[in-house]
Each structure stands twice: as structure tokens, then as C-alpha cells.
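The structure appears right after this line, and notes come after that.
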Amino acid sequence: MQFEVAMRKILMGSFVFCGTLFGASCEQMLSDQEVCELLQSGLIEIGSHTLDHANLPSLDPQEQLRQMSESKREIEAKFGICCGAFAYP
């Protein structure tokens, strides 16, 4: 069952990455389907991060806002949820 595979992946670490993560193999990341199954289980909450792991303190305020708000917007659009949590990079 896909749900069991997804849960094993989550239990291996604190954070789950959706999308592209440079240097990570596809096997280490959850598929969109696995994320949907986990959301439906009610066991997890999805939080945004940034678009590309930018060093936020080194960016101007406008780019900081873009990094955070676009990440949130993409998650909400992809999974049809309200994303209220943020994991500081």
C-alpha cells in the first residue's frame, strides 16, 4: 500500500520535501500521490518552506516575501489545502 511506504519515508526524517530538491534522489522524496494520502489520513500537516532554500537573511525584503509566499501558494494550489505552517530554512 502506498500509504505504508509514505509513512516509512516520513518516519525516517522530520521533514518531507515535495517537488525538486537538488542532490536528493527521487526515492527519498514523497510523490504528490503519497502526500495526498497522508493529508487524507489526518496524521500530518503540510507547511511551506521557501522556493529554493535561499538564505533568507541575505535577501532583500521583497525577495524574502516572494520566497515564502510563492512556496505557500504552490502547496495550496497543488494539494487544495490552506497552508498555515512555515518551516524556517
Side-chain angles (χ1 to χ4, degrees):
M1 177 180 201
Q2 287 295 92
F3 180 77
E4 292 168 353
V5 171
M7 285 305 296
R8 280 197 301 271
K9 288 180 183 179
I10 284 184
L11 294 174
M12 292 172 60
S14 299
F15 297 98
V16 177
F17 297 97
C18 306
T20 303
L21 180 63
F22 297 106
S25 72
C26 293
E27 295 82 36
Q28 294 172 331
M29 295 170 51
L30 294 176
S31 69
D32 289 351
Q33 178 59 38
E34 290 171 326
V35 172
C36 286
E37 288 181 33
L38 290 169
L39 283 169
Q40 291 170 357
S41 77
L43 296 174
I44 66 163
E45 175 183 9
I46 300 285
S48 68
H49 192 50
T50 58
L51 288 173
D52 54 18
H53 285 138
N55 180 359
L56 291 178
S58 71
L59 303 176
D60 64 67
Q62 184 176 359
E63 180 60 13
Q64 290 173 346
L65 181 59
R66 186 185 80 79
Q67 286 282 327
M68 294 182 285
S69 62
E70 288 299 309
S71 171
K72 178 183 186 311
R73 185 193 61 75
E74 285 184 17
I75 289 170
E76 291 176 338
K78 181 177 278 192
F79 299 110
I81 62 170
C82 179
C83 182
F86 178 76
Y88 189 84

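Heavy-atom basis, side chains included; hydrogens, waters and symmetry copies ignored.
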Got a second to check how far [X]'s [atom1] is from [Y]'s [atom2], nearest 0.5 Å?
| X | Y | atom1 | atom2 | result |
| --- | --- | --- | --- | --- |
| E45 | C83 | CD | SG | 7.5 Å |
| T50 | F86 | OG1 | CZ | 6.5 Å |
| E70 | D52 | CD | CG | 11.5 Å |
| Q67 | Q62 | CD | CD | 12.0 Å |
| I46 | C82 | CD1 | SG | 13.0 Å |
| L38 | I44 | CG | CD1 | 4.5 Å |

Between Y88 and L56, is a side chain to side chain contact (heavy atoms under 4.5 Å, CB included) present by the stated rule, with each step listed? CA-CA 9 Å; Y88 189 84; L56 291 178; 3.7 Å; yes
Set of residues satisfying side chain to side chain donor-acceptor pair (under 3.5 Å) with respect to E74, sequence neighbours excluded: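 Partners of E74 by the side chain to side chain donor-acceptor pair (under 3.5 Å) criterion come out as none, since no residue qualifies.
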With E63 via salt bridge (Lys or Arg N to Asp or Glu O under 4.0 Å) - residues at least two apart: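 If we apply the salt bridge (Lys or Arg N to Asp or Glu O under 4.0 Å) test to E63, skipping adjacent residues, the hits are R66.
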If hydrophobic clusters are built from ILVMFWY residues whose side chains come within less than 4.5 Å, do L65 and L59 share one?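 No: no chain of side-chain contacts under 4.5 Å links L65 to L59.
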Side chain to side chain contact (heavy atoms under 4.5 Å, CB included) for S48 and M68? Distances and angles first, verdict last. CA-CA 7 Å; S48 68; M68 294 182 285; 5.9 Å; no
